[in-house]
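All ligand and atom numbering here is 1-based and tracks the order in the structure.
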Amino acid sequence: MPALDDYAPIVGTAVLDDLRLLADRLRGRVVQFVNSTAVGGGVAEILNRMVPLLRDLGVDARWDVIKGGDRFFNVTKKIHNALHGKVEEFGEEDVEAFMETSRRNIAELETYGDVVFIHDPQPIALVEKKAHDRWIWRCHVDVSAPDRRVWEFLEGFITRYDAAVFSAPSFSQRLPIRQFLVAPSIDPLSDKNRDLPQETVDAILARLGVPTDKPLITQISRFDRLKDPVGVIEAYRRVKKYIDCRLLLAGGTAADDPEGIEVFAEVKARAAEDPDIIILLMPHDDLAVNAIQRASTIILQKSLKEGFGLTVSEALWKGKPVVASHVGGIPLQIKHKYSGLLCHSVDGAAFLIKQLLNSPSYAKRLGENGREQVRNNFLLTRHLKDYLLLFLSLFHRGDMVYL
Ligand code: UDP
């Protein structure tokens, strides 16, 4: 696993020096992260890197995971969907199922941290155990338009925390506690993002059966209607009339998600007999995602709704020109015509793809700017710095923090 010093060639030693300076002020303090799963999902992915790096910096970071059964996780899935604005039945039974497991976790999980950092709604009720004023709730979901009943239920817990953290200003809600805005990040040294030799990229593309003899336009996403895979095919068709190219839609397997399979079938049907549309249902494979992104000429993220949209940072980090919708966290990552291109429709996406295919030097410049945009804003080291500053601010409330 990479150590902190391994990031020096990417972000420079000054960034690492800042981290060390901040971490020194937290030496001996215990920072306890709590979430609901050790594997799978973006939160676990980030914590898996964040916790060892904090330890590398001398902060005593630890990570605990709450326990829960199917009934509990069915309710928390409903809560998740409702926070995204989906109308969900959320009745007394759901509240009871949520509270029953929460009570068990309250009884069994020890909260020993000098900072207790709770992630997402699943463990939120642990705040019952709050014994000091350095409890933080981290929300990874866009809660700009939540189902009010579910939000009000959670608000009863959130307002007892000392601070709340959201990914972007537009994702948050008005609250009577301090709020911090911390964007997510990608790890430039993970298998998904680290540099790959061209031979490895070629070998992976050959294994996946993706030829690279034509410009390759790619979208990597779960097969989800909100990622608009059908819109991607429509945009490609409009481009293909004028410029020969190939479209790759690649996404994870979703055996436990009936809708995913349905959308996959729909997309397959839309692609019909066009041999230049490749649709890949992939198992979880970070190196494959990395290689596909590196082999692509243009990367799309034509979502209709989006959280932060990590795939955009991943693509930009590889220096790729990206055409993506102006939704969710995407405009934070792409400054239009500088670090990528933002679209609002199928026609807009097609127009921008043609423009990029016709001017490789413009495409290259956008990709280079995109990579710098990610280097400066969306790498794990920036995320670490934000968290260290957040922890320090809880110890020095109202004072100046001298570094
Ligand atoms: N991803 C992956 N394999 C796939 C599809 C997606 O590993 O087949 C990854 C992708 O690289 C990114 C994450 O899943 O890291 C998706 O995060 P994002 O924020 O873009 O969208 P979400 O799926 O959370 O809505």
Side-chain angles (χ1 to χ4, degrees), residues 35 37 39-49 77 80-81 83-86 119-120 139-144 166-168 171 182-194 196 204-205 207-208 210 218-229 232 248-257 259-261 263-264 267 278-296 299-318 320 322-325 327-334 340 370 374 377-380 383:
N35 81 327
T37 171
V39 282
V43 179
E45 188 158 327
I46 290 173
L47 293 184
N48 261 307
R49 296 295 305 127
K77 179 83 206 247
H80 179 89
N81 288 337
L83 290 181
H84 273 298
K86 189 169 170 216
H119 288 253
D120 276 341
C139 182
H140 292 272
V141 183
D142 173 359
V143 292
S144 51
F166 295 92
S167 295
F171 284 21
V182 179
S185 62
I186 62 166
D187 181 355
L189 296 179
S190 67
D191 278 348
K192 193 174 279 174
N193 298 307
R194 67 181 164 87
L196 290 180
I204 293 175
L205 272 279
R207 168 167 67 75
L208 294 171
V210 180
T218 301
Q219 176 161 299
I220 298 183
S221 272
R222 293 177 293 105
F223 285 95
D224 180 325
R225 291 199 176 84
L226 293 181
K227 307 288 182 182
D228 200 18
V232 168
L248 171 59
L249 280 165
T253 47
D256 60 341
D257 177 359
E259 200 177 64
I261 296 294
V263 175
F264 176 73
V267 172
I278 300 175
I279 299 169
L280 282 184
L281 193 58
M282 299 195 304
H284 184 100
D285 184 344
D286 286 348
L287 273 179
V289 170
N290 191 341
I292 290 173
Q293 286 168 333
R294 287 180 192 281
S296 300
I299 295 185
L300 303 184
Q301 192 57 59
K302 218 208 127 316
S303 307
L304 302 172
K305 277 201 170 187
E306 194 50 84
F308 180 71
L310 277 174
T311 47
V312 171
S313 272
E314 289 163 10
L316 294 175
W317 179 243
K318 281 130 198 156
K320 295 295 164 179
V322 176
V323 175
S325 307
V327 294
I330 292 175
L332 293 175
Q333 301 173 71
I334 292 184
V374 173
N377 299 292
F378 302 116
L379 294 185
L380 188 58
H383 203 166

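- When non-hydrogen atoms are compared, ligand 1 lies under 4.0 Å from the side chain of I220 (C-beta onward) but not from its backbone.
- Rounding to the nearest 0.5 Å places CG of L300 at 13.5 Å from NZ of K227.
- Closest heavy-atom approach to atom 1 (N) of ligand 1 among the candidates E45, H140, K192, Q219: K192.
- Applying the side-chain hydrogen bond (donor to acceptor under 3.5 Å, both in side chains) criterion to H140, with sequence neighbours excluded, gives H119.
- Backbone and side-chain nitrogen or oxygen atoms of Q293 are examined, and none is located within less than 3.5 angstrom of a nitrogen or oxygen of ligand 1.
- Checked by atom type and distance alone, the side chain of N48 pairs as donor or acceptor with a backbone atom of A44 at under 3.5 Å.
- Under a 4.0 Å heavy-atom criterion, G251 is in contact with ligand 1.
- Atoms of ligand 1 lying under 4.0 Å from any heavy atom of G309, numbered from 1 in the order shown and given with element: 19 (O), 20 (O).
- A heavy-atom separation below 4.0 Å is found between E306 and ligand 1.
- Q219 places a side-chain N or O within donor-acceptor distance of the main-chain N or O of K302, the cut-off being under 3.5 Å.
- Checked by atom type and distance alone, the side chain of Q333 never pairs as donor or acceptor with a backbone atom of F378 at under 3.5 Å.
- Note: no N/O pair closer than 3.5 Å links V289 and ligand 1 by distance alone.
- Electrostatic pairing of D191 and R194 counts as a salt bridge here, judged by a charged N lying under 4.0 Å from a carboxylate O.
- Ligand 1 has a nitrogen or oxygen under 3.5 angstrom from a nitrogen or oxygen of T311.
- With a 4.0 Å heavy-atom cut-off, ligand 1 is reached by no atom of Q301.
- Listed by atom number, the atoms of ligand 1 under 4.0 Å from K227 heavy atoms are 21 (O), 22 (P), 23 (O), 25 (O).
- Polar contact with ligand 1: present for E314 (N/O pair, distance under 3.5 Å).
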task: For side chain to side chain donor-acceptor pair (under 3.5 Å), just list the numbers for Q301 and S221, CA-CA rounded to whole Å, side-chain angles, deciding distance to a tenth of an Å, and then say yes or no.
output: CA-CA 8 Å; Q301 192 57 59; S221 272; 2.9 Å; yes
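- Here is the list of ligand 1 atoms found below 4.0 Å of a heavy atom in M282: 8 (O).
- Under the side chain to side chain contact (heavy atoms under 4.5 Å, CB included) test applied with N35, the options D120, L47, I46 reduce to a single match, L47.
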